[in-house]
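Scroll down for the structure; my scribbles are underneath it.
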Amino acid sequence: MDVLGFVVIVVVGFTAAAEFGSYAFVHPVIRRLPPEHHVRVEQGLLRTFGIVMPPLMTASLVLAITNAARGGTEGGPLWLRVAAAVAWGLGIVSTVLVNVPINLATLRWDPDAPPESWQHTRSRWEWFQGFRSWMYLLSFVLVTWAATAA
């Protein structure tokens with residue numbers, strides 16, 4: 001395996017694992033909290049994940065595209081590398097169009113008096129969190145499959 005292939009697996013894998021872990025293991029617990037605690041925890045997560053994940057998600061997309069764009073069979077079958085980049089791209093698009101605006105709104109909420117529709121808004125965010133988490137996980141699986149098929 002070459003350096004690019006290794007870096008793609010590490011960065012895409014770490015980022016996918018962080019997002020999927022948040023979706024599958026953290027947010028189900030947060031949903032059971034009273035509203036004021038729910039909002040405070042979401043705001044806290046946004047202040048931590050919100051700093052680290054945008055650069056990692058962007059780097060993962062750039063790496064997946066770079067991996068897909070290189071010539072020949074380096075990095076594995078082209079169709080797997082392209083599918084990995086497309087899956088990551090779909091996750092990024094949903095993040096930018098849906099999750100980011102909801103995140104920005106959530107940061108402005110008063111935890112002791114969230115907006116009336118806060119649960120609906122958070123449910124929408126969670127649906128798209130699930131979508132992007134599955135897309136990122138799929139991308140990681142495809143990148144790994146491609147690298148092992150090389």
Side-chain angles (χ1 to χ4, degrees), residues 1-33 35 37-109 118-150:
M1 178 182 302
D2 65 335
V3 173
L4 176 61
F6 178 77
V7 172
V8 170
I9 289 173
V10 170
V11 175
V12 168
F14 176 83
T15 308
E19 283 297 315
F20 197 85
S22 171
Y23 158 72
F25 305 115
V26 175
H27 281 89
V29 174
I30 296 170
R31 281 194 300 269
R32 295 191 298 256
L33 295 173
H37 298 298
H38 184 147
V39 172
R40 278 191 179 90
V41 170
E42 292 291 358
Q43 289 172 336
L45 289 172
L46 288 169
R47 288 184 184 101
T48 55
F49 272 75
I51 292 169
V52 175
M53 296 314 287
L56 284 173
M57 287 180 192
T58 304
S60 294
L61 179 61
V62 169
L63 287 166
I65 290 170
T66 302
N67 192 43
R70 63 178 160 166
T73 59
E74 189 72 43
L78 178 61
W79 75 271
L80 288 171
R81 293 181 284 136
V82 169
V86 168
W88 200 276
L90 290 171
I92 289 280
V93 167
S94 72
T95 298
V96 170
L97 294 179
V98 180
N99 294 84
V100 169
I102 292 173
N103 288 344
L104 294 173
T106 300
L107 283 169
R108 293 188 303 268
W109 292 348
W118 79 272
Q119 287 176 314
H120 172 74
T121 301
R122 291 308 307 172
S123 293
R124 184 166 187 251
W125 182 92
E126 288 184 22
W127 191 93
F128 282 94
Q129 173 69 3
F131 174 78
R132 76 177 174 179
S133 295
W134 279 106
M135 288 298 100
Y136 295 161
L137 185 61
L138 174 62
S139 180
F140 171 63
V141 168
L142 292 169
V143 163
T144 305
W145 182 10
T148 60

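At a threshold of 4.5 Å between non-hydrogen side-chain atoms, the residues W109 and T121 count as touching. The shortest side-chain heavy-atom distance between I30 and L45 falls under the 4.5 Å cut-off. Here the side chains of E74 and L4 are not in contact, with every heavy-atom distance at 4.5 Å or above.
For R31, the salt bridge (Lys or Arg N to Asp or Glu O under 4.0 Å) partners are E126, not counting sequence neighbours. Taking the side-chain hydrogen bond (donor to acceptor under 3.5 Å, both in side chains) definition, one finds that W118 meets it with nothing, sequence neighbours left out. The side-chain hydrogen bond (donor to acceptor under 3.5 Å, both in side chains) check on H27 picks up S22, E42, with sequence neighbours excluded. With sequence neighbours left out, the side-chain hydrogen bond (donor to acceptor under 3.5 Å, both in side chains) criterion links N99 to no other residue. In this view, F131 satisfies the ring pair (Phe, Tyr, Trp, His ring centres under 6.0 Å) rule with no residue, not counting sequence neighbours. Checked against salt bridge (Lys or Arg N to Asp or Glu O under 4.0 Å), R81 has no partners two or more places apart in sequence or in another chain. For T58, the side-chain hydrogen bond (donor to acceptor under 3.5 Å, both in side chains) criterion is met by no residue, not counting sequence neighbours.
Remark: side-chain polar atoms of Q129 are not paired, donor with acceptor, to backbone N or O of T95 under 3.5 angstrom. A donor-acceptor pair is defined here as one N or O able to donate and one able to accept, closer than 3.5 Å; such a pair exists between the side chain of R108 and the backbone of L104. Using a distance-only test at 3.5 Å, with no hydrogens or angles considered, no donor-acceptor pair links the side chain of S139 to the main chain of M135.
Smallest separation of non-hydrogen atoms from Y23 and G130: CE1-CA, 3.2 Å. The nearest pair of heavy atoms linking T106 to Q43 is O-NE2, 2.9 Å. L61 and A85 make their closest contact through CD1-O, 4.1 Å (heavy atoms, listed as atom of the first residue, atom of the second, distance).
Contacts classified as salt bridge (Lys or Arg N to Asp or Glu O under 4.0 Å) and involving residues 17-27 (residues at least two apart or in different chains) are given here: E19-R132. The list of ring-ring contact (aromatic ring centres under 6.0 Å, His included) pairs with a residue in residues 42-72, not counting sequence neighbours, is empty. Screening residues 55-103 for ring-ring contact (aromatic ring centres under 6.0 Å, His included), with sequence neighbours left out, gives W79-W145, W88-Y136. Here salt bridge (Lys or Arg N to Asp or Glu O under 4.0 Å) pairs that include residues 48-70, with residues two or more places apart or in two chains, are D2-R70.
In this structure, R122 forms a cation-pi arrangement with W125, its terminal cationic atom sitting closer than 6.0 Å to the ring centre and no more than 45° off the ring axis.
The distance from the CG atom of L107 to the CD1 atom of I102 is 12.5 Å, given to the nearest 0.5 Å. Separation of atoms CG (L46) and CG (N103) is listed at 4.5 Å; rounding is to 0.5 Å.
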Contacts table for residues 5-12: side-chain donor-acceptor under 3.5 angstrom, sequence neighbours left out:
none

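No more than 12 heavy atoms of other residues, nucleotides or ligands sit less than 6.0 Å from atom CH2 of W134.
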